[in-house]
Protein chains: 2
Amino acid sequence: MEKESIPDVVIRRLPIYLRVLETLSEDSYGNVISSFKLGEKSGVSPAQVRKDLGIVGAFGKQGLGYDIAILRNKLKHVLNLDKEIKVGIIGVGNLGHAIARYIIQRYATERDYHLKLVALFDSNPEAIGELINGVPIDHIHSFHDKALELGFRMVVIAVPAEAAQAVMDECAIAGIEAVLNFAPIHLKAPKVIRVHNTDLSIDLMHLAYYL
Amino acid sequence: MEKESIPDVVIRRLPIYLRVLETLSEDSYGNVISSFKLGEKSGVSPAQVRKDLGIVGAFGKQGLGYDIAILRNKLKHVLNLDKEIKVGIIGVGNLGHAIARYIIQRYATERDYHLKLVALFDSNPEAIGELINGVPIDHIHSFHDKALELGFRMVVIAVPAEAAQAVMDECAIAGIEAVLNFAPIHLKAPKVIRVHNTDLSIDLMHLAYYL
DNA sequence: TAGATTGTTAATCGATTAACAATC
DNA sequence: TAGATTGTTAATCGATTAACAATC
């Protein structure tokens, strides 16, 4: 249960399990799912599922499986998703726009979706003030103030590669703790910030190998 | 050099190395980069870089490092990126739109960007016929015909979760070989199709653990 | 009870790191 | 030559899989 004791590979699979459980949740209380079925719907082996769940302290019943509602709550708790998580987006171009709308829409339509978009930033003066589903675009200069005012600690970076390191440096100063980086560049960050990267082109190039 | 002999973890890092080399390429021929510098700019250890490059058959010179132009070409060749790769997108909502524009824009502005968007598909009759930077949106019903006609073997799925498995089944029938899936669901596919998944919500939930 | 499925251990497999002789 | 950096091996580390006793 200690932070350091759960390997990142395991943490990475928890949201996948959670996603499966969420699609099952209508008919849930008292209901049960086996590691076989959960694994099948997650693309993970049954043994792996049981190992992962054991590691995070989620246990089932022999002969039956895991109680869906209990498991769902447990996974949410481990992932910090039992409280609302505020997110800011820096860079509101094509991709930033799409990401913003995606998060806002899921928050609006799914009870129990705990990611809330609270701020948008861009450097283009033309864009400042524009509302995306009610959330205004602020100038990047006000990032530090807004971060403190609104209290978000998670940020999505969707600016061009050239601007990304400067943005990351700003994040570090503002005390941001987690960054999802869509800019196609490896960012330097203090160790206290957790950075994950995702890059469409890299994914496509990776796939190209298998053609 | 045999397909089966290069582990996927290694393949996954090659586009990252390539991305770094690309930013260096202006002043390249005859120029050289060490595993230390390449590793630093990639977020990978120097030992790892040397191991990876050795595995794919890219070699440097002791005391100097790797010739940038030669290494770039080698990596492109290994990744199949020395030929043009045609890509289709299924699902042209927010995300599909953004992905389409991103690929088209990079293809238009970067010499040496070998991913070419050749087709877009959606099921919404309102969208059919619309052009995105010159590429028309076709009805999903014509997917099979268009895939054969245009000859693309790589597809991005950006439809809602409910529609994704049916789309994947269509891909299998049409002989698609590589799929990048943005739908938040684990898709079943024949083993001959390589499927990679990317899901914004899962990335954010993963990060939430570290808050 | 009989059948099913867990939780956990041990075995296997694979990836990363360290180290250094070779050599440019 | 002296300094730098590769290529590769061996050691370490960590993750996955198999198997099965425990037990619902």
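Bear in mind the structure is a predicted one, so any value in this text is a computation, not a measurement. Heavy-atom basis, side chains included; hydrogens, waters and symmetry copies ignored. In the text below, chain A, chain B and the rest are named by the order of the sequence lines, each starting its count at 1.
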TODO: Shoot me the first and last contacting nucleotide of DNA chain C against chain A, ordered 5' to 3', at under 4.0 angstrom to non-hydrogen atoms.
DONE: C:dA4 to C:dT9
- [ ] Taking Watson-Crick and G-U wobble pairs with both distances under 3.5 Å, convert DNA chain C into its dot-bracket string, 5' to 3', dots for unpaired and | for cross-strand pairs.
- [x] ..||||||||||||||||||||||
Task: Under 3.5 Å side-chain donor-acceptor pair for A:Tyr113 and B:Ser201 - done: yes
Open item on the list: Within this structure, what is the CG-CG distance for the pair B:Asn31 and B:Leu71, rounded to the nearest 0.5 Å?
Closed with: 13.0 Å
TODO: Identify, between B:Pro46 and A:Arg13, the residue whose nearest nucleotide on DNA chain D lies closer to the 5' end.
DONE: B:Pro46
Open item on the list: Assuming nearest nucleotide by heavy-atom distance, tell me which of A:Lys61 and A:Lys51 is located more 5' along DNA chain D.
Closed with: A:Lys51
Task: Under 3.5 Å donor-acceptor, A:Lys86 side chain and A:Leu150 backbone - done: yes
Task: Side chain B:Ser34, main chain B:Lys37, donor-acceptor under 3.5 Å - done: yes
Open item on the list: Within the 4.0 Å heavy-atom criterion, would you say B:Gly54 contacts the bases, only the backbone, or no part of the nucleic acid?
Closed with: nothing
Electrostatic pair [X]-[Y], nearest N-O below 4.0 angstrom:
X	Y	result
B:Asp169	B:Lys188	no
A:Arg13	A:Asp52	yes
B:Arg72	B:Asp67	no

Taking only distance into account, with no hydrogens and no angle test, what donor-acceptor pairs under 3.5 Å do side-chain atoms of residues 56-63 of chain A form with protein atoms, sequence neighbours excluded?
none

